[in-house]
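One structure below.
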Amino acid sequence: KEEPPKGAKVIRVDTAKAMFNAVKNELKKKFDVVILAAAVSDFIPEKTEKSKIKSTKKQVIVKLKQAPKIIDQIKKWQKNVFLVGFKAEANVSKQDLLRQARKKLRESNADLIVANDVGAEYRKNSENNNALLVDSKNVIQTGWKKKNQIVKIIRLEIEKRLNKT
């Protein structure tokens with residue numbers, strides 16, 4: 001478990017809806033950069049029980065619905081923010097990962113997508129990864145590096161882009 005950086009404001013949530021509402025509420029304030037790195041579930045229960053489900057039931061059917069995509073709302077809430085999102089896929093080719101990152105870039109109107117494969121190769125050594133940093137014009141591949149090194153590359157790329165504006 002990673003500890004939040006010193007000085008970071010922490011808002012604890014336990015559902016995708018609570019995260020959606022917390023982010024929306026925070027974006028009432030002005031930000032220069034928004035980085036969305038949380039892996040929020042793509043699907044949530046259609047209905048939740050108010051109490052424990054009795055173990056005497058022989059079968060339970062859970063219906064899921066698509067969770068709201070927080071990243072797709074950010075530029076609607078704060079038009080000029082520099083938006084960084086993450087796209088994780090599993091066991092895909094570099095071309096497919098790039099295709100999915102570009103799709104997410106368009107759908108969310110993000111300025112930068114950090115895409116990575118969290119499949120078998122990653123699970124062998126999850127302290128390292130090989131990310132693609134994708135914007136509307138460029139693709140930067142980090143190469144297999146420790147995550148703290150990849151974070152530095154991401155930060156530098158954000159700073160470069162902010163300095164151009």
Is the side chain of [X] donor-acceptor paired with the backbone N or O of [Y] at a distance under 3.5 Å, no angle test?
X: Asp135; Y: Leu112; result: no
X: Arg161; Y: Glu157; result: yes
X: Gln78; Y: Lys29; result: yes
X: Asn25; Y: Asn21; result: no
X: Glu46; Y: Lys63; result: no

Minimum heavy-atom separation for [X] and [Y], please, with both atom names.
X: Ser136; Y: Leu105; value: N-CD2, 3.6 Å
X: Lys104; Y: Ile71; value: CE-CG2, 3.7 Å
X: Gly119; Y: Asn91; value: CA-OD1, 3.3 Å
X: Ala22; Y: Ile11; value: CB-CG2, 4.1 Å
X: Asn130; Y: Gly143; value: OD1-N, 3.0 Å
X: Ala67; Y: Ile44; value: CB-CG2, 3.8 Å

Linking I/L/V/M/F/W/Y whenever any side-chain heavy atoms sit under 4.5 Å apart, do [X] and [Y] land together?
X: Leu156; Y: Leu132; result: no
X: Val81; Y: Leu36; result: yes
X: Val40; Y: Val13; result: yes
X: Leu162; Y: Ile154; result: yes
X: Ile70; Y: Phe31; result: yes

Do the side chains of [Y] and [X] get nearer than 4.5 Å, heavy atoms only?
X: Glu89; Y: Arg99; result: no
X: Lys145; Y: Ile153; result: yes
X: Leu64; Y: Asp42; result: no
X: Ile35; Y: Ile158; result: yes
X: Lys69; Y: Glu107; result: no
X: Gln66; Y: Phe43; result: yes
X: Asn116; Y: Val114; result: no
X: Leu27; Y: Ile74; result: yes

Is it the case that atom CG in Asp96 sees more than 12 heavy atoms from other parts of the structure closer than 6.0 Å?
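Check passes, neighbour count above 12.
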
Looking at Lys75, I'd like to know if its NZ atom is crowded, meaning that more than 12 non-hydrogen atoms belonging to other residues, nucleotides or ligands lie closer than 6.0 Å.
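Atom NZ in Lys75 is crowded, with more than 12 foreign heavy atoms closer than 6.0 Å.
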
Gap between atom [atom2] of [Y] and atom [atom1] of [X] - 0.5 Å precision:
X: Lys103; Y: Ile113; atom1: NZ; atom2: CD1; value: 12.0 Å
X: Met19; Y: Asp14; atom1: CE; atom2: CG; value: 10.0 Å
X: Lys87; Y: Leu98; atom1: NZ; atom2: CG; value: 13.0 Å
X: Lys147; Y: Gln149; atom1: NZ; atom2: CD; value: 13.0 Å

Are the charged groups of Lys9 and Glu26 less than 4.0 angstrom apart, N to O?
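Judged by the 4.0 Å cut-off on N to carboxylate O distance, Lys9 and Glu26 do form a salt bridge.
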
